[in-house]
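Heads up, the thing below is written out as structure tokens.
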Amino acid sequence: MMLDGQSDLRVVAEASDGAEVPAAVDAHRPHVVLMDIRMPGVDGLAATEALRARRDPPQVIVLTTMNADEHVLRALRAGAGGFLLKDTPPARIVEAIRLVAAGEAMLSPAVTRQLITHVADPAVEDRRGRAREALQELTERELEVAVALGGGGSNAEIGAELHMSVATVKAHVSRLLTKLDLNNRVQVALLVHDAELL
């Protein structure tokens, strides 16, 4: 119902269990999957991990009533491009679908706060070392783009901040994902946060 009337969006399939998701994705090839965490059988986090591990996977936005740290981090590390609470206004969910389809990220404000406090996790030192090692592979300009991604900037905002065109930002983001062997910009942001570069 929420997506009805959106001229640029179309619901192509629904699944009631995470186990049904792969077949629905194979049959309909969606650009974006809205994934509920709580599903019978295979839950939404496991389904997200399985989808994002595929070749040329769809983008995934996780929708949930829970914003527990372990769920947020597991979904984002698996490659979800968004994590929204179900009380997010419908217009914001529609906006999130468009943004994530375009390669941007969308997180509920509560989730963003969790990611900021995530730095206090006891395992942060191990992650910091691994993240810094991974980021050493980047050129100076790529690192600037990665840090701007970590700050949550859109391609246009990063372009304005770093004095480059949106097309150049997109090219840098694409190279970052390849070099770092990551699925999306949210994972780059997590790496930058883990490295404590913000």
Side-chain angles (χ1 to χ4, degrees), residues 12-26 28-86 88 93 96-119 121-124 126-131 133-135 146 149-150 152 173-195:
V12 294
E14 292 184 45
S16 58
D17 182 324
E20 299 171 7
V21 172
V25 167
D26 288 341
H28 300 282
R29 310 300 300 162
H31 296 104
V32 178
V33 173
L34 289 178
M35 186 81 73
D36 192 348
I37 285 184
R38 283 190 178 160
M39 288 190 285
V42 177
D43 70 31
L45 292 173
T48 297
E49 289 167 342
L51 271 187
R52 293 301 298 170
R54 291 169 151 221
R55 186 186 185 101
D56 194 25
Q59 295 295 331
V60 177
I61 298 173
V62 174
L63 282 171
T64 183
T65 56
M66 311 170 286
N67 65 341
D69 286 3
E70 67 273 12
H71 293 141
V72 172
L73 293 171
R74 184 175 164 197
L76 297 180
R77 289 193 190 284
F83 195 105
L84 301 174
L85 301 179
K86 285 185 178 175
T88 301
I93 294 174
I97 293 168
R98 291 185 178 118
L99 284 171
V100 169
E104 303 280 345
M106 176 64 99
L107 304 175
S108 289
V111 171
T112 303
R113 284 192 296 277
Q114 281 184 327
L115 290 177
I116 291 167
T117 59
H118 161 67
V119 178
D121 187 302
V124 73
D126 288 343
R127 281 196 315 276
R128 180 175 51 231
R130 287 193 305 271
E133 188 176 322
L135 292 171
L149 281 174
V173 171
S174 181
R175 276 198 300 277
L176 284 172
L177 296 176
T178 300
K179 268 192 175 182
L180 298 171
D181 193 26
L182 297 174
N183 290 315
N184 61 39
R185 58 199 294 130
V186 175
Q187 290 177 315
V188 175
L190 283 171
L191 195 66
V192 168
H193 279 277
D194 285 348

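Residue numbers count from 1 along this sequence.
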Problem - Verdict with reasoning, Asp194 to Arg130, per side chain to side chain contact (heavy atoms under 4.5 Å, CB included) - result: CA-CA 8 Å; Asp194 285 348; Arg130 287 193 305 271; over 6 Å; no
Problem - CA sep, side-chain torsions, deciding dist, call: Val60, Val32, side chain to side chain contact (heavy atoms under 4.5 Å, CB included) - result: CA-CA 6 Å; Val60 177; Val32 178; over 6 Å; no
Practice task
Taking side chain to side chain contact (heavy atoms under 4.5 Å, CB included) as the test, write out the residues that go with Ala53, two or more places apart.
Solution key: none
Exercise for the section: Return the set of residues passing salt bridge (charged side-chain N to carboxylate O under 4.0 Å, His left out) with Arg54 (not counting sequence neighbours), or none when no residue passes. Expected result: Asp26
Practice task
For the pair Thr48 (side chain) and Gly44 (backbone), establish whether a donor and an acceptor sit closer than 3.5 Å, ignoring hydrogens and angles.
Solution key: yes
Exercise for the section: State whether the side chain of Asn184 and the backbone N or O of Gly79 hold a donor-acceptor pair below 3.5 Å, judged by distance alone. Expected result: yes
Handout entry: Rounded distance [0.5 Å steps], CE in Met39 versus CD1 in Ile37
Key = 9.5 Å
Problem - By side chain to side chain contact (heavy atoms under 4.5 Å, CB included) - contacts of Ala15 (at least two apart) - result: Glu20, Val21
Completion exercise
In terms of heavy-atom contacts, Val42 and Ala47 come closest through CG1-N, 3.9 Å
Practice task
Just jot down the side-chain hydrogen bond (donor to acceptor under 3.5 Å, both in side chains) partners of Arg29, sequence neighbours excluded, or say none.
Solution key: none
Fill in the blank from the handout: With sequence neighbours left out, the residues meeting side chain to side chain contact (heavy atoms under 4.5 Å, CB included) with Ala195 are Ala131, Arg132, Leu135, Leu197
Exercise for the section: Can you see which heavy atom on Gly150 is nearest to which on His193, and at what distance? Expected result: O-NE2, 3.1 Å
Practice task
May I ask you to test the Ile97-Gln59 pair for a side-chain heavy-atom distance under 4.5 Å?
Solution key: no
Exercise for the section: Mark yes or no for whether His31, through its side chain, and Pro58, through its backbone, hold a donor-acceptor pair below 3.5 Å. Expected result: no
Exercise for the section: List for me each residue that meets side chain to side chain contact (heavy atoms under 4.5 Å, CB included) alongside Ala75, sequence neighbours excluded, and say none if there are none. Expected result: Leu45, Val62, Ala80, Phe83
Exercise for the section: Using a 4.5 Å cut-off on heavy atoms from C-beta on, say whether the side chain of Arg38 contacts that of Asp43. Expected result: no
Handout entry: salt bridge (charged side-chain N to carboxylate O under 4.0 Å, His left out) contacts in which one or both residues fall within residues 182-191, not counting sequence neighbours
Key = Glu104-Arg185
Exercise for the section: Provide the closest heavy-atom pair for Ser16 versus Pro40 in the form atom of the first, atom of the second, distance. Expected result: O-CD, 3.3 Å
Completion exercise
Applying side-chain hydrogen bond (donor to acceptor under 3.5 Å, both in side chains) to Asp17 and not counting sequence neighbours gives none
Exercise for the section: Report yes if the side chains of Leu63 and Ile93 come closer than 4.5 Å at any heavy-atom pair, otherwise no. Expected result: yes
Problem - Within-4.5 Å side-chain heavy-atom neighbours: Leu190 and Arg77 - result: yes
Practice task
Report yes if the side chains of Asn183 and Leu177 come closer than 4.5 Å at any heavy-atom pair, otherwise no.
Solution key: no
Problem - Closest non-hydrogen atom pair, Ala78 against Arg52 - result: O-CB, 3.0 Å
Exercise for the section: Show your reasoning for whether side chain to side chain contact (heavy atoms under 4.5 Å, CB included) applies to Met35 and Ile61. Expected result: CA-CA 6 Å; Met35 186 81 73; Ile61 298 173; over 6 Å; no
Practice task
Please list, chain by chain and in numerical order, all residues satisfying side-chain hydrogen bond (donor to acceptor under 3.5 Å, both in side chains) with Asp56, sequence neighbours excluded.
Solution key: none
Fill in the blank from the handout: Heavy atoms of Ala146 and Val192 approach each other most closely as O-CG2, 3.3 Å
Problem - Step-by-step side chain to side chain contact (heavy atoms under 4.5 Å, CB included) determination, Leu149 to Leu176 - result: CA-CA 11 Å; Leu149 281 174; Leu176 284 172; 3.9 Å; yes
